[in-house]
Trainee: 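Starting off with a structure, shown below.
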There are 2 protein chains.
Amino acid sequence: MASQQPKKTQPTPATLDGTDLTILAALVEDGRMTNAALAARVGVAESTCAYRVRALRESGVITSINARLDLGALGHPIHAIIRVRLGSHSREHVGTLYDRLVDVPGALTVLHVGGIDDFLLHVAVASPEELRDLILEHVTVHPMVRQTETQLVFEVRDGRGVLDR
Amino acid sequence: MASQQPKKTQPTPATLDGTDLTILAALVEDGRMTNAALAARVGVAESTCAYRVRALRESGVITSINARLDLGALGHPIHAIIRVRLGSHSREHVGTLYDRLVDVPGALTVLHVGGIDDFLLHVAVASPEELRDLILEHVTVHPMVRQTETQLVFEVRDGRGVLDR
DNA sequence: TTTGAAATAAATGCTAG
DNA sequence: CTAGCATTTATTTCAAA
């Protein structure tokens, strides 16, 4: 699955005009909007719109288009943030654990952070018991993990993002 | 923009068969996959596939399909998690602040959590200065905010999700 | 880069099993 | 719930400006 920023970003910050930004905002809101509808909203010909969208995808500004699911309906109604702290910070240990955390069943996002913690692991599970087992079997099982702290997530909301006008 | 779980989930956990799960996995990976390609991958007729997808959307299992952007290419290469703690936890204060945090420019996600913190605010900004200003002008400016703690995000990766086989 | 119009491809509606 | 086929709609291509 695709990753978010930061990670490796384009060397060229890309020159985006108002048309591009309008297209991006529309596709962030509805990634399945038809090209015809997009063109109408943006005010360019369909062929132009399709060209722009392709350029935005090929240049990597649009990284991917994905469906988002109701995880509760899929039997994973409980969300938590597991804050992970390491005992050893060798590059190898950090990299290995990172890979393992990404592969945890139910892992939604893994953030590698600086500060008090090393990783923030956002998971969705079926029950509190499953959360406990997940932590024991997939997180604290690794010797380089010194400590974890788990916070229950009551709710998640999307922010306004970077495309505000 | 749409929100993730938890929040309000369907009362009926929905009965999803293997076909549905395959469709969901495919659309999470590529939300713009054509119905024809989906049908081929799943092994059903196109009309059947379209019917299933529509049912999944209407039942709310698929909440939305959105484009994801390279925020670095958009001039917001710096990510941070701002941990927010309140002094007052009245429902009104919590609700008000939540709304404000969601509306912060550059806010990607806001998590309402239990435990040490009250909110985790994931933001993308153009520079360290902008991060400082954002916190001062949009977070600590609110009287109910007692304390914040900011962690720089080195990298974000998607986890394997809940649809592992 | 942008465009319109033709050619290709895909989605939808309808019918029936 | 599924499938096949006809209709409608969308995307791609391309020559031209």
Side-chain angles (χ1 to χ4, degrees), chain A residues 2 9-70 72-75 163 165, chain B residues 1-2 9-70 72-75 162-163 165:
Chain A
T9 203
Q10 297 302 100
T12 312
T15 323
L16 302 169
D17 61 15
T19 299
D20 290 315
L21 295 177
T22 307
I23 288 173
L24 292 176
L27 289 179
V28 164
E29 199 184 287
D30 176 7
R32 270 204 97 119
M33 178 173 284
T34 67
N35 182 66
L38 244 191
R41 176 154 162 182
V42 174
V44 295
E46 293 183 19
S47 49
T48 304
C49 188
Y51 175 88
R52 292 282 194 131
V53 171
R54 180 141 54 98
L56 288 167
R57 300 199 70 160
E58 289 181 352
S59 71
V61 175
I62 296 174
T63 55
S64 65
I65 296 182
N66 326 91
R68 299 173 72 180
L69 310 178
D70 180 339
L74 288 165
L163 293 174
R165 48 249 130 125
Chain B
M1 200 194 265
T9 205
Q10 297 302 100
T12 313
T15 324
L16 302 170
D17 62 15
T19 298
D20 290 316
L21 295 178
T22 306
I23 288 173
L24 292 176
L27 289 179
V28 165
E29 200 184 286
D30 176 8
R32 268 204 97 118
M33 178 173 285
T34 67
N35 183 65
L38 245 190
R41 176 155 165 181
V42 173
V44 295
E46 292 183 22
S47 49
T48 304
C49 188
Y51 175 89
R52 292 283 194 129
V53 172
R54 179 143 54 96
L56 288 168
R57 299 198 69 159
E58 288 181 353
S59 71
V61 175
I62 296 173
T63 55
S64 65
I65 296 182
N66 325 92
R68 298 172 72 179
L69 310 180
D70 179 341
L74 288 167
V162 303
L163 292 174
R165 48 257 125 121

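In the text below, chain A, chain B and the rest are named by the order of the sequence lines, each starting its count at 1.
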Trainee: Run through D20(A), T22(A), N35(A) and flag the one making a side-chain hydrogen bond (donor to acceptor under 3.5 Å, both in side chains) with R52(A).
Mentor: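 Answer to the side-chain hydrogen bond (donor to acceptor under 3.5 Å, both in side chains) test with R52(A) among D20(A), T22(A), N35(A): D20(A).
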Trainee: Please report the distance, rounded to the nearest Å, between CZ in R52(B) and P in dA11(C).
Mentor: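 Result: 18 Å.
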Trainee: Please check the phosphate of dT2(C) (OP1 and OP2 only) for any side-chain N or O of Y51(A) closer than 4.0 Å.
Mentor: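 No, no such contact exists.
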Trainee: Between C1' on dT12(C) and CZ on R57(B), what's the gap in Å once rounded to a whole number?
Mentor: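 It works out to 15 Å between those atoms.
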Trainee: Would the distance check show the side chain of T63(B) and the main-chain N or O of R68(A) forming a donor-acceptor pair, the cut-off being under 3.5 Å?
Mentor: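 Between the backbone of R68(A) and the side chain of T63(B) there is a qualifying donor-acceptor contact (under 3.5 Å).
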Trainee: Could you go through nucleotides 10-17 of chain D and list every protein N or O atom that sits under 3.5 Å from one of its N or O atoms, giving the distance for each pair?
Mentor:
residue : atom : partner : partner atom : Å
dT11(D) : OP1  : N35(A)  : N            : 3.1
dT11(D) : OP2  : N35(A)  : N            : 2.7
dT11(D) : OP2  : A36(A)  : N            : 3.2

Trainee: For R41(B), what residues pass the salt bridge (Lys or Arg N to Asp or Glu O under 4.0 Å) criterion, not counting sequence neighbours?
Mentor: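 Only E29(B) meet the salt bridge (Lys or Arg N to Asp or Glu O under 4.0 Å) criterion with R41(B).
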Trainee: With heavy-atom distances below 4.5 Å as the criterion, would you say the side chains of E46(A) and L38(A) are in contact?
Mentor: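 Result no, sub-4.5 Å side-chain heavy-atom pair not found.
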Trainee: Indicate yes or no for a side-chain donor-acceptor contact from N66(B) to the backbone of G31(A) under 3.5 Å, with no hydrogens or angles considered.
Mentor: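 No.
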